[in-house]
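The sequence lines fix the lettering, A, B, ..., with proteins before strands; numbering per chain opens at 1.
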Protein chains: 2
Amino acid sequence: MPPNIRDIAEQLDLSKATVSKALNGYADVAPATRDRVRQTAHAMGYQASVSARNLRRGQTDKIGLLLNTAVDYAVDYLSGILPGAARSAQNLGKNLIIYTITDEDSTDVLAACRGGEIDGLVMFSTNYDPEPMNALLDENFPLVVVGRDILDPCVSSIVPDYYAGSYQATSYLIELGHRRIAFTTRPQLTTANKAHLSGHLDALHDAGLSADQRYVVETRLEPGSAAAAGRQLMALPKMPTAIRAFHDLIAVEMVNTLQYSGYRVPEDVSVIGFDGLRARFTTLPHITTFKQPFETIGKRAIEIIHQQIAGDRVAAVKDVLPLEFDERGSTAPYRESAQLRAHELGK
Amino acid sequence: MPPNIRDIAEQLDLSKATVSKALNGYADVAPATRDRVRQTAHAMGYQASVSARNLRRGQTDKIGLLLNTAVDYAVDYLSGILPGAARSAQNLGKNLIIYTITDEDSTDVLAACRGGEIDGLVMFSTNYDPEPMNALLDENFPLVVVGRDILDPCVSSIVPDYYAGSYQATSYLIELGHRRIAFTTRPQLTTANKAHLSGHLDALHDAGLSADQRYVVETRLEPGSAAAAGRQLMALPKMPTAIRAFHDLIAVEMVNTLQYSGYRVPEDVSVIGFDGLRARFTTLPHITTFKQPFETIGKRAIEIIHQQIAGDRVAAVKDVLPLEFDERGSTAPYRESAQLRAHELGK
DNA sequence: CCGCTTAACGAAAACGGTTTCGATAGTTGC
DNA sequence: GCAACTATCGAAACCGTTTTCGTTAAGCGG
């Protein structure tokens with residue numbers, strides 16, 4: 001029903017070929033007819049069929065974003081990445097299409113890749129079986145994994161330098177004079193979490209500090225988990241004077257828990273977060289954190305896919321991005337007041 | 001390079017037509033050959049070209065999500081809606097493709113609709129000019145506006161019942177015995193914000209309470225804005241005993257501000273939020289709120305588009321969804337302790 | 001005026017499926 | 001044995017665009 005290229009051709013008594021070339025700006029066509037074609041095309045409300053063009057070109061200018069909705073923070077991660085990715089995609093004339101998998105069912109995503117529905121795929125927050133991923137790589141399908149380092153040297157990945165960031169965070173607290181530094185971990189030790197933990201432990205070790213196991217508490221993202229961890233730390237005979245949370249939401253809950261129990265932040269206890277969420281500004285004081293370079297991650301992911309599509313670079317790219325230190329008010333130099341406070345609070 | 005339908009046909013000495021019909025399960029083809037075709041198709045790793053199929057069918061099974069990245073909460077809103085929308089889309093065999101506009105530049109989205117890149121469009125968090133929207137409606141293009149009531153009776157919309165929710169929230173506080181109830185508004189009064197405010201004012205009026213202008217404070221989503229509003233309220237000669245925040249993040253910051261100043265929540269002041277964000281669990285106590293039915297919104301948006309595509313229903317749908325009351329610990333019956341507390345804090 | 005280049009355009013072949021409309025062979029009914 | 005079906009398959013059109021290649025006419029130098 002909408003006008004197609006033939007309608008324009010008949011209207012102007014031209015051929016489909018000339019109309020197409022006129023619209024696409026080929027030098028092959030006289031300036032006068034080019035303008036005529038474009039004017040009537042605009043007047044008729046013509047819009048080229050994307051499917052037809054894609055079929056002919058063998059490309060779709062679409063990039064898939066794959067996330068596992070079963071993972072709790074997947075959607076949040078997406079929303080962090082999206083602005084950068086969308087901006088980058090728009091600059092390159094690409095569209096973003098979202099694929100969600102719940103379990104191990106990655107079949108329709110695979111079908112989308114093989115069927116030419118998308119030109120490339122950005123994977124994140126997802127436990128992918130290497131099975132289909134290798135299949136795609138064999139076909140030289142543009143693929144980028146985000147937020148997780150894949151050992152396979154053939155697959156491109158872009159991952160924040162969790163180890164370095166974690167090392168810096170703990171070192172920063174040590175430089176402030178803190179010696180009893182608590183650390184919250186997640187139950188499942190993914191590569192990212194391992195990097196976190198070892199960065200922390202190495203920083204302690206390099207500073208000549210011993211790692212007390214009681215200062216490493218397991219925390220989940222569920223509400224109340226951080227509060228429980230906080231109470232656990234406050235109940236220790238010698239409570240830590242600084243706490244490292246693996247996530248800003250944990251840090252926020254931790255600060256509120258400490259304050260609720262009568263501790264002052266940062267005078268009694270320093271708290272430092274990780275991620276760079278808006279929620280870290282809801283506490284008083286605001287929370288010092290290491291921000292993930294979300295904007296850059298999204299931007300780079302699309303760029304890498306784009307390069308792979310263009311075929312400029314065959315080798316896999318391994319981006320390691322630094323985290324950004326964002327110092328706010330929840331950290332301060334060490335004072336022994338925390339311990340005094342603990343006694344004062346009647347333990 | 002990937003195998004197409006002709007390769008399979010030649011391999012089996014059949015015609016393209018038979019192969020296509022075999023793969024699509026037409027009754028037209030003998031069970032034996034059907035199985036043969038499917039087996040070799042699978043063996044060859046065949047995957048039908050999406051572009052080719054779409055071109056012939058005149059559909060793409062893709063639904064666009066349009067959001068304005070210039071709006072601060074747009075991405076958050078998307079992430080709230082996404083799980084429900086994605087689930088619903090997957091059930092219906094649709095894909096979601098994200099379009100971002102920054103300013104008034106909605107041209108390429110329009111091109112996507114006209115060019116058959118998507119079958120329908122869900123618009124939200126965006127100030128759309130009616131110009132292109134009406135153009136799409138004239139062409140009977142499936143369109144749904146989310147989170148904002150459009151006066152035009154021809155355009156489908158799905159919007160939470162902000163007025164009723166706001167009315168309920170204030171009535172709930174009144175029933176708890178509160179008389180001095182503060183209300184935070186946003187600077188720009190959109191239809192949603194207006195509904196919020198009038199719901200609040202009507203609830204006050206219906207309870208025979210006068211609306212004190214000093215209890216209505218302007219708040220932005222930026223960090224620190226809620227804290228300023230909180231201080232403003234605490235400085236009043238008679239500070240409110242209950243505070244309604246238009247957003248959970250505002251509520252969180254408000255609670256923390258109150259507690260930081262020595263007030264107890266909910267003993268001295270009740271605070272109630274709005275939205276249903278994860279962040280409302282980071283405070284102690286957790287924040288009572290009215291949850292937006294995000295899951296339902298996303299689900300319905302896709303369903304409506306799907307119905308419009310199928311042509312089942314021509315008339316516009318106007319969904320008004322109730323908000324869900326989620327009572328937590330930040331609200332309690334009125335006691336005059338807030339005022340005593342204010343004196344006690346040495347004002 | 002003639003060969004040669006160049007400008008401008010059109011015919012037709014892709015791209016890879018789906019769908020219509022026959023065509024053929026086998027089967028059934030009587 | 002013949003007519004009427006049915007089951008199974010294939011030829012070809014079609015979806016709308018891009019792109020190659022050929023054709024025509026004009027321009028141009030000599």
Would you kindly give the OH-to-P distance between B/Tyr26 and D/dT8, to the nearest whole Å? 17 Å

Shoot me the first and last contacting nucleotide of DNA chain C against chain A, ordered 5' to 3', at under 4.0 angstrom to non-hydrogen atoms. C/dA8 to C/dG16

Starting at atom CD of A/Glu10, determine the distance to atom C1' of D/dG16, rounded to an integer number of angstrom. 13 Å

Using a cut-off of 4.0 Å on non-hydrogen atoms, how would the nucleic acid contact of B/Ser20 be classed: base, sugar-phosphate, or nothing? base

How long is the straight-line distance from CG of A/Leu82 back to OG1 of B/Thr100, given to the nearest 0.5 Å? 7.5 Å

B/Thr191: partners by side chain to side chain donor-acceptor pair (under 3.5 Å), with sequence neighbours left out: none

Measure the acute angle between the ring planes of B/Tyr77 and B/Phe294, then classify it against the limits of 30° and 60° as parallel, tilted or perpendicular. perpendicular

Can you check each nucleotide of nucleotides 9-14 of chain D against protein heavy atoms at under 4.0 Å and return B for base, S for sugar-phosphate only, - for none, in 5' to 3' order? BBBBBB

List the residues meeting salt bridge (charged side-chain N to carboxylate O under 4.0 Å, His left out) with A/Asp28, not counting sequence neighbours, and say none if there are none. A/Lys21

Determine whether A/Asn54 and A/Thr60 satisfy the following criterion, side chain to side chain donor-acceptor pair (under 3.5 Å), listing intermediate values before the conclusion. CA-CA 5 Å; A/Asn54 289 345; A/Thr60 60; 5.4 Å; no

Report the residues that fulfil salt bridge (charged side-chain N to carboxylate O under 4.0 Å, His left out) with B/Arg38, sequence neighbours left out, ordered by chain and then residue number. none

Between B/Ala27 and A/Ala52, the residue closer to the 5' end of DNA chain D by nearest nucleotide is B/Ala27

I need the CG-C1' distance between A/Asp7 and D/dC15, as an integer number of Å. 13 Å

Take the C1' atoms of the five end pairs on each side of the helix from C/dC1-D/dG30 to C/dC30-D/dG1, get both axes, and report the angle to 10 degrees. 40°

Show me the side-chain donor-acceptor pairs of residues 8-17 of chain B shorter than 3.5 Å, one per line, residues at least two apart or across chains.
unit_1  : atom_1 : unit_2  : atom_2 : d
B/Ser15 : OG     : B/Ala17 : N      : 3.4
B/Ser15 : OG     : B/Thr18 : N      : 3.2
B/Ser15 : OG     : B/Thr18 : OG1    : 3.1

Compare side-chain N and O positions of A/Tyr46 against OP1 and OP2 of D/dT17 and report whether any pair is under 4.0 Å apart. yes

For nucleotides 23-27 of chain D, list the nitrogen or oxygen atoms of the protein found under 3.5 Å from its nitrogen or oxygen atoms, one pair per line.
none

How far does CZ of B/Arg34 sit from CG of B/Leu23, to the nearest 0.5 angstrom? 11.0 Å

Just verifying a value: how many Å separate A/Leu321 CG and A/Asp319 CG, rounded to the nearest 0.5 Å? 5.5 Å

Enumerate the residue pairs fulfilling salt bridge (Lys or Arg N to Asp or Glu O under 4.0 Å) with a member in residues 59-68 of chain A, sequence neighbours excluded, ordered by first and then second residue. A/Arg57-A/Asp61, A/Asp61-A/Lys94, A/Lys62-B/Glu117

Taking any heavy-atom pair under 4.0 Å as a contact, classify A/Asn24: base, sugar-phosphate, or nothing. sugar-phosphate

Can you sort out the partners of B/Arg114 under side chain to side chain donor-acceptor pair (under 3.5 Å), two or more places apart, ordered by chain and number? B/Glu139

Once salt bridge (charged side-chain N to carboxylate O under 4.0 Å, His left out) is applied, do any residues pair with B/Arg56, and if so which ones, sequence neighbours excluded? none

Holding to salt bridge (charged side-chain N to carboxylate O under 4.0 Å, His left out), I want the full list of residues that pass it with A/Arg87, two or more places apart in sequence or in another chain. A/Glu295

Starting at atom CZ of A/Arg6, determine the distance to atom P of D/dC15, rounded to an integer number of angstrom. 7 Å

